[in-house]
Amino acid sequence: MPEILEVESARALIEARALHRPIAKVHAPDAWFLKRGLTARGVRAALTGNQLVDARRRGKLMLVDTASGVVLGLHLGMSGRVLIDGEAAGDPLLYASNRPESAWHRFGLSFVDGGSLYLRDPRRLGAVELDPDEDRLGPDAFALTLAELRVMCAKSRAPIKAMLMDQSRVAGLGNLLCDEALWRAGIDPTRTASTLDDDEVRRLHRAIRDTLRVLGRRGGSHTGDLTSQREPGAHCPRDGAPLQRRTVGGRTTYSCPLHQH
DNA sequence: GATGACCTGTGA
DNA sequence: TCACAGGTCATC
């Protein structure tokens, strides 16, 4: 399931392969997949004969600009992938099946040249919308500044992990990336955000940047040092202590009781 | 801010 | 058969 790194790969794939190809047909077989009042008829009217001209991203939301000015918002949910001319970007997702199952094609565009862009999503938790409200999201995690992180920590009484996963605060970090970043920073995920001192906020900011850079290079959210250990009985890759498994912010959370405080 | 709901596939 | 899954959203 995609976090910011997988979404960025999908965005880059659209940018590289789907722009400036006139759209012949729009496939919207799943009304439930269309959000915020969008209908199959509406999305067909907006995109047929149109073309994609730019692919942007904010957090996990892809924003695809079209020649007419309409912005196509694509969300991958928990199991979504973008397929262009039948091919996807990056490595197979860990929990998502990889079979090219056309029953899982929830939305798609056929280009005049014969190619296609499909959103394949077995679990149907992804979404398509038009002209999405980008401001419901906080700053993109790649662009998050130390000053921004410092301010939002000071204002939040949530566990630090829940704060980081709140897309209206920071956009793009999900369960795995948050666990990895907090593990690298040596901070307990349950710590109340406002109790982090300045050194801890700095370490966290650095750890988020490192996590995105390193895991991005390795190929995705599931390639983290801690992340690859998420199973019962696992040990901390840094100091060998048995890892702790808890629920924080509503999600399964792994952390090291020895070096995360 | 925490909780459960949403939907469906996977693996024990 | 059941627990679990990396996402978001509504509701208390």
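All values below come from the heavy atoms of this structure, side chains included, with hydrogens, waters and symmetry mates left out. Every chain is numbered from 1 and lettered A, B, ... according to where its sequence line falls, protein lines coming before strand lines.
- At whole-Å resolution of the value, CZ in A:Arg251 and P in B:dG1 are 18 Å apart.
- Across C:dA5, B:dG1, B:dC7, the shortest atom-to-atom separation from the side chain of A:Arg169 is found for B:dG1.
- The separation of B:dG9 from C:dC9, taken at their P atoms, amounts to 22 Å, rounded to a whole angstrom.
- Proximity note for A:Arg136 (side chain, C-beta onward) versus C:dC9, C:dC4, B:dG1: the nearest is C:dC9.
- At a cut-off of 3.5 angstrom, the base of C:dA5 holds at least one donor-acceptor pair with the side chain of A:Arg123.
- If you take CG of A:Leu137 and C1' of C:dC9, they are 13 Å apart, rounded to a whole angstrom.
- Residue A:Arg124 places no side-chain atom within donor-acceptor reach of the base of B:dG9, judged by atom type and a 3.5 Å distance cut-off alone.
- Rounded to an integer number of Å, the gap from CG of A:Asp133 to C1' of C:dT8 is 15 Å.
- Each of C:dG7, B:dG1, B:dC7 was ranked by its minimum atom distance to the side chain of A:Arg157; first place goes to B:dG1.
- One atom, CE of A:Met165, and another, P of B:dG1, lie 13 Å apart when rounded to the nearest Å.
- Grouping the Ile, Leu, Val, Met, Phe, Trp and Tyr side chains by contacts below 4.5 angstrom, directly or via other members, places A:Phe107 with A:Ile23.
- Note that the CD atom of A:Gln51 and the CG atom of A:Asp65 stand 12.5 Å from one another [nearest 0.5 Å].
- Nucleotide B:dC7 is matched to nothing when pairs are restricted to Watson-Crick or G-U wobble geometry with both distances under 3.5 angstrom.
- Checking B:dG9, C:dT8, B:dA2 against every side-chain atom of A:Gln167, the shortest atom distance belongs to C:dT8.
- Taking atom CE of A:Met152 as the reference point, atom P of B:dG1 lies 13 Å away to the nearest angstrom.
- Mapping A:Gly250 and A:Leu125 onto DNA chain B via the closest heavy atom, the residue that lands nearer the 5' end is A:Gly250.
- A:Arg56 is listed as a side-chain neighbour of A:Glu134, based on a closest heavy-atom distance under 4.5 Å.
- Under the side-chain hydrogen bond (donor to acceptor under 3.5 Å, both in side chains) test applied with A:Glu180, the options A:Asn175, A:Thr211, A:Thr227, A:Thr223 reduce to a single match, A:Thr227.
- Here C:dG7 presents its C1' atom at 12 Å from CG of A:Leu61, a figure rounded to the nearest Å.
- Within a 6.0 Å radius of CZ in A:Arg157, other residues, nucleotides and ligands contribute 12 heavy atoms or fewer.
- For C:dT8, one of the phosphate oxygens OP1 or OP2 lies less than 4.0 angstrom from a side-chain nitrogen or oxygen of A:His75.
- In this structure, the CZ atom of A:Arg36 is 9 Å from the C1' atom of C:dT8, given to the nearest Å.
- Closest contact between the side chain of A:Thr252 and the listed nucleotides C:dG7, C:dA5, B:dA2 involves C:dA5.
- B:dG9 atom P lies 6 Å from atom CH2 of A:Trp104, rounded to whole Å.
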